[in-house]
Amino acid sequence: KASQLPLLDHFADHRPSSFRKKLRVNPAIFNKILDQISGHPVFQNQSNNKQLPISIQLAIFLYRAGHYRNACSPEDVGQWAGVSVGTVVNCTHCVIAALLDQHDKFVYIPGIHSEEMRRAWAFTESRTCRAWKNGVFVADGSAINLYARPGMFRDGFYDRKACFSLNCQVSTES
């Protein structure tokens, strides 16, 4: 397996558009996310087998989250990164755990009566079907399958492919 991960350093320095195409974030945003999650305990272990560097785990997660259909399968992501399927799954789990613990720093939800929310509703209605007119958080993101049906909002995670999953989307300001 020949990893394409070393290309990311070159892309970050010389071709940011290629970096963005692979990971769906600018290099500066990648570094900010990395700084935010680097101290999380999920990246620590007492094993003789060291974890991959957090930057590699984040890159694997973002590549997977930023693609869809077959391109986000653990097999294809593993081939791109030069790692095993199990490593892709473990990286995904670790990064999601770290991001969820930073939820309030990463996710901003405007007030229900704010001008931002009104603009978001108008945008959503202009780009989707009328039934979604009050939705602003629906996105065509990659599905990350859950191991089992969640206890809370149980069937709300049931998708069109008869799986329990979360849709993941990373967005940035340009």
Side-chain angles (χ1 to χ4, degrees), residues 1-13 16 19-68 71-111 136-159 163-173:
K1 297 179 182 179
S3 174
Q4 294 184 30
L5 288 169
L7 293 173
L8 293 176
D9 289 333
H10 173 77
F11 290 162
D13 294 337
F19 186 95
R20 214 173 18 257
K21 185 176 180 181
K22 294 293 180 191
L23 302 186
R24 303 296 198 254
V25 296
N26 292 323
I29 299 297
F30 178 89
N31 290 330
K32 286 181 182 181
I33 296 170
L34 183 61
D35 289 345
Q36 287 291 125
I37 67 171
S38 286
H40 195 277
V42 76
F43 298 113
Q44 311 298 320
N45 69 22
Q46 303 303 320
S47 172
N48 291 331
N49 299 326
K50 292 189 174 202
Q51 288 191 24
L52 286 173
I54 300 168
S55 60
I56 300 294
Q57 293 187 54
L58 178 58
I60 288 170
F61 168 77
L62 290 174
Y63 181 89
R64 185 174 186 197
H67 290 80
Y68 57 94
C72 72
S73 72
E75 293 82 9
D76 281 359
V77 175
Q79 186 177 27
W80 172 79
V83 298
S84 71
V85 169
T87 298
V88 171
V89 171
N90 289 341
C91 290
T92 301
H93 291 171
C94 287
V95 172
I96 286 178
L99 290 174
L100 288 175
D101 279 352
Q102 297 284 321
H103 178 275
D104 293 341
K105 292 181 183 175
F106 285 112
V107 177
Y108 166 72
I109 301 175
V136 292
F137 302 112
V138 177
D140 183 19
S142 298
I144 298 173
N145 290 335
L146 301 173
Y147 174 73
R149 182 169 78 179
M152 198 170 185
F153 306 112
R154 301 166 73 77
D155 292 332
F157 295 94
Y158 195 70
D159 66 19
C163 297
F164 292 99
S165 66
L166 293 172
N167 281 352
C168 185
Q169 177 185 8
V170 177
S171 64
T172 62
E173 293 182 32

With Asn45 via side chain to side chain contact (heavy atoms under 4.5 Å, CB included) - residues at least two apart: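 Only Ser47, Gln51 meet the side chain to side chain contact (heavy atoms under 4.5 Å, CB included) criterion with Asn45.
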Filter on ring pair (Phe, Tyr, Trp, His ring centres under 6.0 Å), then keep only pairs touching residues 76-97, sequence neighbours left out; what's left? Tyr63-Trp80
Tell me, which pairs form a ring pair (Phe, Tyr, Trp, His ring centres under 6.0 Å) where one or both residues lie in residues 27-54, sequence neighbours left out? Phe19-Phe30
[atom1] of [X] to [atom2] of [Y]: how many Å apart, nearest 0.5 Å?
| X | Y | atom1 | atom2 | value |
| --- | --- | --- | --- | --- |
| Lys22 | Leu7 | NZ | CG | 8.5 Å |
| Leu5 | Ser55 | CG | OG | 8.5 Å |
| Ile96 | Asp101 | CD1 | CG | 12.0 Å |
| Gln79 | Ser73 | CD | OG | 9.0 Å |
| Leu99 | Phe61 | CG | CZ | 5.5 Å |
| Leu34 | Ile29 | CG | CD1 | 12.5 Å |

Is any side-chain heavy atom of [X] closer than 4.5 Å to a side-chain heavy atom of [Y]?
| X | Y | value |
| --- | --- | --- |
| Cys91 | Leu52 | yes |
| Arg64 | Pro74 | yes |
| Asn90 | Thr87 | no |
| Val42 | Ile37 | no |
| Val25 | Arg20 | no |

Whether Gln57 side chain and Cys94 backbone form a donor-acceptor pair below 3.5 Å: no
What heavy-atom pair brings [X] and [Y] nearest, and what distance separates the two atoms?
| X | Y | value |
| --- | --- | --- |
| Val88 | Val83 | CG2-CG2, 3.8 Å |
| Ser38 | Ile54 | O-CD1, 3.4 Å |
| Ala81 | Ile60 | CB-CG1, 3.8 Å |

